[in-house]
Amino acid sequence: MSLAIFDLDNTLLGGDSDHAWGEFIVAHRIVDPDEYKARNDQFFNDYLAGRLDIRVYLNFCLQLLGEHPTEQLDVWHQQFMQEKILPIVLPKALALIERHRQAGDTLMIITATNRFITGPIARHLGIDLLLATECERQDGRYTGQTTDIPCFREGKVTRLERWLLENNRTLEGSYFYSDSHNDLPLLGMVDNPVAVDPDDTLRAHAEAQGWPVISLR
């Protein structure tokens, strides 16, 4: 069985779930809309430009989780799924996942976006294995802090290598699908790197390396 690894945002989804969560909590005035939107937009632009300080960003976006009971957060997330996520699930992405499933491959999502946001999305896509940025919990509540290594850029490599070691797996025959130049460290490790609706930097690199470039849009 080969490992078929998928980035989530702007790869399997026609948008960014982390940024969409920010838009959702602003629209519903769960946070101060003007302040939050300005900071969220700036972090998103930093991400696109490859200069995001992931820990500063996590301190910002996870704070909300520590301020509300889990039950309330789950209610908001269910509404978020209906309003923001289901409309951007790409049919071609579902077909790609199904092709790998039928081939007997092991399916995994690896994403920088935190597990609170992405766990239900992965379940909706029918993918059990999820490596994501982790949210600390104590006594059944989120603390508003992250834990473990952020699953971002080289952190994705570290987290995947640890999973491979713990599960006695290798990257032989593996696939990785991503849209972002931030994932170049991991794309360079797998046997079958695939650029999906890539940003300009990744497209140029993929074309230079002879990697497949596909669109799921």
**Student:** Should T143 and E136 be marked as a side-chain hydrogen bond (donor to acceptor under 3.5 Å, both in side chains) after you check the CA-CA gap, both sets of side-chain angles, and the distance that decides it?
**Tutor:** CA-CA 6 Å; T143 66; E136 185 181 60; 2.7 Å; yes
**Student:** Where is the tightest heavy-atom contact between L131 and R115, given as atom of each residue plus distance?
**Tutor:** CA-NH2, 4.4 Å
**Student:** Has the side chain of T11 got a donor or acceptor atom that lies under 3.5 Å from a matching backbone atom of D179?
**Tutor:**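 It does hold such a pair.
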**Student:** Do the side chains of M108 and L13 join up, straight or via other hydrophobic residues, at under 4.5 Å, putting them in one cluster?
**Tutor:**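 No, no single cluster joins them.
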**Student:** If I compare all heavy atoms of F80 with all of S17, which pair ends up nearest, and what's the gap?
**Tutor:** CZ-O, 3.6 Å
**Student:** Step by step, work out the side-chain contact (heavy atoms from CB on, under 4.5 Å) result for D9 and H19.
**Tutor:** CA-CA 9 Å; D9 298 316; H19 191 67; over 6 Å; no
**Student:** Identify whether the distance between the nearest side-chain nitrogen and carboxylate oxygen of D199 and R203 falls below 4.0 Å.
**Tutor:** no
**Student:** First locate atom CD1 of I97, then atom CG of L125, and finally report the distance between them rounded to the nearest 0.5 Å.
**Tutor:** 5.0 Å
**Student:** So, are R141 and E71 salt-bridged, with charged N and O less than 4.0 Å apart?
**Tutor:**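 Salt bridge between R141 and E71, a charged N being under 4.0 Å from a carboxylate O: no.
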**Student:** Apply side-chain contact (heavy atoms from CB on, under 4.5 Å) to residues I121 and L8 and explain how you reach the verdict.
**Tutor:** CA-CA 9 Å; I121 300 173; L8 180 64; 4.0 Å; yes
**Student:** State, yes or no, whether a side-chain contact exists between T113 and T133 at a heavy-atom distance under 4.5 Å.
**Tutor:** no
**Student:** Show your working on side-chain contact (heavy atoms from CB on, under 4.5 Å) between L62 and C135 and close with a plain yes or no.
**Tutor:** CA-CA 8 Å; L62 296 182; C135 309; 3.8 Å; yes
**Student:** Does any part of the side chain of R169, heavy atoms only, come nearer than 4.5 Å to the side chain of T106, both counted from C-beta?
**Tutor:**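 SC-SC contact between T106 and R169 confirmed.
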**Student:** Indicate the atoms forming the closest heavy-atom contact of N114 with A132, along with that distance.
**Tutor:**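 Looks like C-CB, 4.3 Å.
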**Student:** State whether a side-chain donor-acceptor pair under 3.5 Å links Q78 with D74.
**Tutor:** no
**Student:** Which value, rounded to the nearest 0.5 Å, describes the distance between Q138 atom CD and Q145 atom CD?
**Tutor:**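 Interatomic distance, Q138 CD to Q145 CD, rounded to 0.5 Å: 9.5 Å.
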**Student:** Measure the shortest side-chain to side-chain distance between L171 and L160 over non-hydrogen atoms and say whether it is less than 4.5 angstrom.
**Tutor:** yes
**Student:** Evaluate N59 against Q63 for side-chain hydrogen bond (donor to acceptor under 3.5 Å, both in side chains), listing each step before the verdict.
**Tutor:** CA-CA 6 Å; N59 288 337; Q63 180 180 346; over 6 Å; no
**Student:** Please determine whether the number of non-hydrogen atoms from other residues, nucleotides or ligands lying under 6.0 Å from atom NZ of K84 exceeds 12.
**Tutor:** yes
**Student:** Looking only at heavy atoms, which two atoms of C151 and I110 are closest? And how far apart?
**Tutor:**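 Scanning both residues completely, I find the closest heavy atoms to be SG-CG1, 3.5 Å.
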**Student:** Ring centroid separation for F60 and Y36, is it under 6.0 angstrom?
**Tutor:** yes
**Student:** Verify, without hydrogens or angle tests, whether R101 (side chain) and G126 (backbone) share a donor-acceptor contact under 3.5 angstrom.
**Tutor:**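 Side chain of R101 to backbone of G126: a pair is present.
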**Student:** Any idea which heavy atoms bring P120 and M81 closest together, and the distance?
**Tutor:**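 Where P120 meets M81 most closely, the heavy atoms are O-CE, 4.0 Å.
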**Student:** Would you say that more than 12 heavy atoms from the other residues, nucleotides or ligands in this model lie under 6.0 Å from the CG of D32, or not?
**Tutor:**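 Check passes, neighbour count above 12.
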**Student:** Can you measure from CG (L12) to CG (L96) and round to the nearest 0.5 angstrom?
**Tutor:**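 Nearest 0.5 Å value for the CG-CG distance: 7.5 Å.
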**Student:** Nearest 0.5 Å, please: how far is CD1 in I109 from CD1 in I127?
**Tutor:**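 CD1 of I109 is found 4.0 Å from CD1 of I127.
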**Student:** For atom CZ of R29, is the number of surrounding heavy atoms from other residues, nucleotides or ligands below 6.0 Å larger than 12?
**Tutor:** no
**Student:** Within the 4.5 Å heavy-atom criterion, are F176 and P193 side-chain neighbours or not?
**Tutor:**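 A side-chain contact is absent here, since even the closest heavy-atom pair is not under 4.5 Å.
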**Student:** Given the rule that I, L, V, M, F, W and Y join up when any side-chain heavy atoms are under 4.5 Å apart, are L186 and W163 in one cluster?
**Tutor:**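 Hydrophobic grouping puts L186 with W163.
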**Student:** Give the C-alpha distance, both sets of side-chain angles, the deciding distance and a yes or no for side-chain hydrogen bond (donor to acceptor under 3.5 Å, both in side chains) between Y57 and D18.
**Tutor:** CA-CA 11 Å; Y57 173 68; D18 209 359; 2.8 Å; yes
**Student:** Look at atom CG of D191 and say whether more than 12 heavy atoms of other residues, nucleotides or ligands are closer to it than 6.0 Å.
**Tutor:**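 Yes, CG of D191 has more than 12 neighbouring heavy atoms, counting only those of other groups under 6.0 Å.
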**Student:** A side-chain contact here means heavy atoms from C-beta on lying under 4.5 Å apart; do F152 and L58 qualify?
**Tutor:** no
**Student:** Would you kindly confirm whether L216 and L187 end up in one hydrophobic cluster when ILVMFWY residues are joined by side chain heavy atoms under 4.5 Å apart?
**Tutor:** no
**Student:** Got a donor-acceptor contact below 3.5 angstrom from the N192 side chain to the S174 backbone?
**Tutor:**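 Indeed, once roles are kept as given, a pair shorter than 3.5 Å links the two residues.
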**Student:** Any side-chain heavy atom of E166 within less than 4.5 Å of one from R162?
**Tutor:**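 The answer is yes, as the side chains (C-beta and beyond) meet within the 4.5 Å cut-off.
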**Student:** Decide if the gap between the ring center of F24 and the ring center of W76 is smaller than 6.0 angstrom.
**Tutor:**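 No, the ring centres sit 6.0 Å or more apart.
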**Student:** Could you tell me if the side chain of P150 sits less than 4.5 Å from the side chain of R55, heavy atoms only?
**Tutor:** yes
**Student:** Could you see if I5 belongs to whatever hydrophobic cluster contains L202? Use Ile, Leu, Val, Met, Phe, Trp, Tyr and a side-chain cutoff under 4.5 Å.
**Tutor:**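 In one cluster with I5: L202, yes.
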**Student:** Step by step, work out the side-chain contact (heavy atoms from CB on, under 4.5 Å) result for F43 and L52.
**Tutor:** CA-CA 7 Å; F43 282 123; L52 178 66; 3.7 Å; yes
**Student:** Within the side chain of D7, is there an N or O that forms a donor-acceptor pair under 3.5 Å with the backbone of S178?
**Tutor:**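 No.
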**Student:** Specify the closest pair of heavy atoms between Y177 and H100, including all atoms of both residues, with the distance to one decimal.
**Tutor:** OH-NE2, 2.6 Å
**Student:** Are V213 and L90 connected, step by step, through hydrophobic side chains (Ile, Leu, Val, Met, Phe, Trp, Tyr) whose heavy atoms are closer than 4.5 Å?
**Tutor:**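 No, no single cluster joins them.
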**Student:** For the pair H77 (side chain) and I117 (backbone), establish whether a donor and an acceptor sit closer than 3.5 Å, ignoring hydrogens and angles.
**Tutor:**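 At least one qualifying donor-acceptor pair exists.
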**Student:** Apply side-chain hydrogen bond (donor to acceptor under 3.5 Å, both in side chains) to H28 and E23, showing your working.
**Tutor:** CA-CA 9 Å; H28 291 276; E23 293 177 331; over 6 Å; no
**Student:** Distance check, rounded to the nearest 0.5 Å: Y175 atom OH versus D105 atom CG?
**Tutor:** 6.5 Å
**Student:** Say you draw a straight line from OG1 of T158 to CD1 of I149; how long is it, rounded to the nearest 0.5 Å?
**Tutor:**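 The CD1 atom of I149 is 5.0 Å from OG1 of T158, to the nearest 0.5 Å.
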**Student:** With a 4.5 Å limit on heavy-atom distance, are the side chains of M189 and E161 in contact?
**Tutor:** yes
**Student:** Less than 4.0 angstrom from a charged side-chain N to a carboxylate O is my criterion; do R153 and D183 meet it?
**Tutor:** no
